[in-house]
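Letters go in sequence order (proteins before strands), and every chain restarts at 1. Computed from a prediction, not measured in an experiment: that's the story for all the values here.
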Amino acid sequence: MNGYGGKILRVNLTTGKITKEQTPADVARDFIGGRGFGAYFLYKEVPQGADPLGPDNKLIISSGPMSGLMIPGAGKCDFTTKSPLTGGYASASMGGHFTAEIKYAGLDSIILEGISPKPVYLFINDDKIELRDAKEFWGMGTISVEKQFKDKLGEEYQVAVIGPGGENVVPYACINHDFGRQAGRGGVGAVMGVKKVKAIVIHGTKSIPVSDTTAYRQAGKALYKACKDASFLAEWTRYGTTVVTSWCDEVGALPTRNFSAGSFEDGKNLYGSVMRDKIVITDKGCFGCPSPCGKYSRSKKYSSYVEGPEYETIGLMGSNLGISDIEAVAQANLLADDAGLDTISAGNAIGWAMECYENGIFTKTDTDGVDLRFGNVEATFELIGKISRKEGLGALLSEGVKKASQKIGKGSEKFAIHVKGMEQSAYATHNATAMLLAYMTCDVGAHHNRAWAITYDLQVGRDLVVPEKVARVIWLQNFRPMFDVLGGCRLQWVELGIDRDLYIPALEAITGIHRTWVDYEKVGERIWNLTRMFWARENNGFGRSWDLPAPRFYEEAPKSGATKGQITKIEDVHRLLDMYYEQRGWNKDGMPTPERLSALNLAELVA
Amino acid sequence: MTAIIRATSALKVYLDGKDEFEVESGHTVRETLVRLNIKPELIALVVLDGEQKTKDYIIQDGDVIKVLAVIGGG
């Protein structure tokens with residue numbers, strides 16, 4: 001099949017058996033690849049009620065038709081599983097170079113099944129595929145393990161590795177790659193860890209078949225030219241995601257002290273320009289990227305190097321914790337990366353704990369003797385380690401804010417900032433109704449990357465509750481994740497503003513299949529409905545109540561900052577959901593109707 | 001006394017279809033954006049000679065100020 005590696009690799013960790021099968025053409029037609037393959041195999045093969053940490057759960061790792069080819073941003077890999085954090089659908093997208101090697105090894109997906117009796121790593125060199133003993137690496141941080149593999153096997157091997165967080169099965173453990181890239185959210189690292197897979201190391205030398213080589217080269221060049229001609233290429237490359245830090249602070253979207261406000265009085269010390277001056281030493285990119293947005297930083301204070309921090313980490317481990325020192329945020333980033341923890345969920349958990357302490361819900365007995373006030377940098381560093389080892393207060397925080405607050409009670413559930421059990425990423429939504437809806441309805445929980453709608457809020461009126469906003473969120477949800485399906489990065493479109501129609505001839509030349517963006521968005525809609533059905537299948541009583549935001553966003557107006565005194569009304573929360581369900585073709589409780597499922601060719605799969 | 005504002009294509013609609021516009025110097029970026037009917041809160045980044053400036057920066061003669069609208073985000 002043009003554009004594909006050609007095979008699905010299955011690794012049964014219980015028996016040690018490794019098999020390959022042809023990538024099914026009908027699945028490629030209807031789900032395309034990447035996140036689409038993840039959703040398909042998850043629904044089809046993980047049995048209803050499977051324990052996310054048991055042998056029946058699977059970790060499905062997929063590249064897409066763009067991956068590994070000369071298209072800007074062709075470096076993304078999808079990791080899909082049943083989430084140990086939420087009990088629902090998890091999909092995490094990882095940049096770097098790993099996805100290219102999957103294609104070069106003649107594969108499209110790697111499916112990890114069962115549970116290994118002892119720690120192993122999966123070694124792939126073209127057709128030489130083996131499970132090898134990982135005893136010598138078990139217990140080590142991700143950075144030194146990746147370095148050891150690179151030194152031992154060679155630079156051309158790409159490595160995906162878990163840290164102690166994954167080994168200890170922390171529900172928001174992540175998977176690390178290329179020293180600073182992650183499959184971050186939803187506990188994909190915990191699933192890898194409970195299966196006792198320390199790492200996957202992969203290298204391939206096969207060619208990827210494409211339908212029309214001349215047209216592919218031409219279309220690829222046109223895409224690269226559009227990137228090079230983009231008027232803000234230099235600025236995007238210079239600042240990366242930190243370009244939004246100052247703006248978020250200005251408009252009240254920067255999470256501050258556990259999302260109690262959207263502006264931070266010391267926020268200036270975290271801005272992109274300050275970070276660039278203080279710690280950034282170079283820019284770092286992924287496979288095929290003309291606009292390297294990764295920032296490689298050196299902290300003199302902590303004598304360390306880290307890729308990052310990205311905006312999300314600056315939000316959740318900086319302003320959200322009342323920390324204004326960008327070097328401290330960089331160090332926290334490094335500790336979390338090495339331990340293999342999602343910085344967004346960890347930052348949220350620590351912020352929640354700080355608020356518990358400041359409210360008197362926790363005393364020093366609960367905090368292992370620590371004065372756990374907002375702004376305590378050393379306590380933050382310590383808690384990252386304790387969470388990864390499930391030690392002391394870290395044991396409670398490792399469960400995530402939903403479960404932790406349910407255990408503690410005393411009103412702490414009101415400031416557990418999550419949707420569906422996934423902690424909210426770094427946009428405070430006290431008064432930004434499209435972005436709030438985006439978080440409420442995101443398919444993995446409160447994550448921003450499906451529908452980044454907050455500018456639309458500012459363009460049309462942040463507190464407006466109108467059908468146009470809902471339509472915008474739905475369009476973004478059907479469109480943006482298609483990059484995850486295609487195995488590439490959306491940021492060339494998002495940040496450089498290149499014309500998305502330039503991708504169409506490239507993808508057609510690669511796959512030989514003509515599809516417009518309308519066709520791709522239909523696939524996006526199909527996947528969206530399938531993962532919704534997965535949530536419903538796996539969670540009794542799933543429906544509208546699972547789409548509600550954290551109470552903070554309809555009960556507690558910020559007392560300071562750009563959104564002081566501004567809050568969304570609960571009636572508007574429900575109006576947003578009413579309009580959303582209607583526009584999606586779902587019933588009033590948020591479930592896809594049989595007609596919608598038929599129209600998307602899903603009726604048989606979900607029967 | 002003039003300077004130039006250069007903007008991302010999303011802002012062309014405010015600039016007579018152009019992505020470059022001549023403006024008076026001596027005013028802040030914020031004031032200048034308001035005069036151009038561009039809501040300042042739509043602008044994520046203000047850059048002069050490769051360096052980020054705040055919206056309170058007072059535009060000087062001959063400056064070429066680039067303004068990046070927040071369209072896509074993260």
Side-chain angles (χ1 to χ4, degrees), chain A residues 230-232 234-248 250-253 268 271-277 293 310-312 315 425-427 435 438 447-462 476 480 490-500 562, chain B residues 2-23 25 27-60 62-74:
Chain A
S231 55
F232 278 81
E235 287 77 13
W236 166 247
T237 304
R238 186 172 175 79
Y239 294 108
T241 62
T242 73
V243 75
V244 292
T245 313
S246 55
W247 179 79
C248 286
E250 192 183 315
V251 303
K268 286 185 174 49
Y271 289 178
S273 52
V274 170
M275 178 171 142
R276 184 90 203 182
D277 283 340
C293 66
E310 300 288 340
Y311 169 71
E312 288 292 326
S425 67
Y427 299 94
M435 195 67 210
H447 197 45
H448 63 281
N449 72 352
R450 308 296 194 244
W452 201 90
I454 189 161
T455 318
Y456 195 67
D457 277 318
L458 295 188
Q459 272 177 329
V460 307
R462 54 195 313 164
L476 289 169
R480 279 171 55 118
R490 65 181 178 278
L491 295 185
Q492 284 74 31
W493 172 79
V494 169
E495 306 295 350
L496 301 180
I498 68 172
D499 181 358
R500 71 170 187 164
Chain B
T2 60
I4 290 177
I5 294 271
R6 200 173 275 162
T8 33
S9 51
L11 297 173
K12 269 187 186 170
V13 61
Y14 300 106
L15 303 175
D16 287 347
K18 298 184 276 198
D19 51 26
E20 212 173 271
F21 212 78
E22 214 171 74
V23 296
S25 57
H27 304 284
T28 63
V29 173
R30 193 185 308 278
E31 288 165 348
T32 306
L33 289 169
V34 169
R35 280 163 189 233
L36 292 171
N37 255 336
I38 299 172
K39 285 195 218 175
E41 60 193 4
L42 293 182
I43 302 301
L45 187 63
V46 178
V47 177
L48 173 65
D49 294 332
E51 284 300 319
Q52 186 176 15
K53 295 288 183 201
T54 70
K55 289 170 194 155
D56 298 317
Y57 169 75
I58 297 176
I59 298 176
Q60 307 296 308
D63 278 349
V64 176
I65 309 269
K66 290 175 87 170
V67 294
L68 171 65
V70 194
I71 14 168

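Open room surrounds CG on B:Asp49; 12 or fewer heavy atoms of other groups in view lie less than 6.0 Å from it. Sparse packing is recorded around NZ of A:Lys268, with 12 or fewer heavy atoms of other residues, nucleotides or ligands lying under 6.0 Å away.
For B:Val67, the part sitting under 4.5 Å from any heavy atom of chain A is the backbone (N, CA, C, O) and nothing else. Interface remark: A:Val243 contributes backbone and side-chain atoms alike to the contact with chain B (heavy atom separation under 4.5 Å). The contact between A:Tyr239 and chain B is made entirely by side chain atoms (from C-beta outward), counting heavy-atom distances below 4.5 Å. For B:Lys66, the parts lying near chain A are the backbone and the side chain together; criterion is any non-hydrogen pair under 4.5 Å.
Ring planes of A:Tyr427 and A:Trp452: perpendicular class, angle over 60° (limits at 30 and 60°).
Atom CG of B:Leu33 and atom NE2 of B:His27 lie 12.5 Å apart (nearest 0.5 Å).
Residues B:Glu41 and B:Lys55 are not paired through a salt bridge, judged by the lack of any N-O separation under 4.0 Å between the basic side chain and the carboxylate.
Ranked by heavy-atom pairs under 4.5 Å with chain B, the list A:Glu312, A:Glu250, A:Arg276, A:Glu310 is led by A:Glu250.
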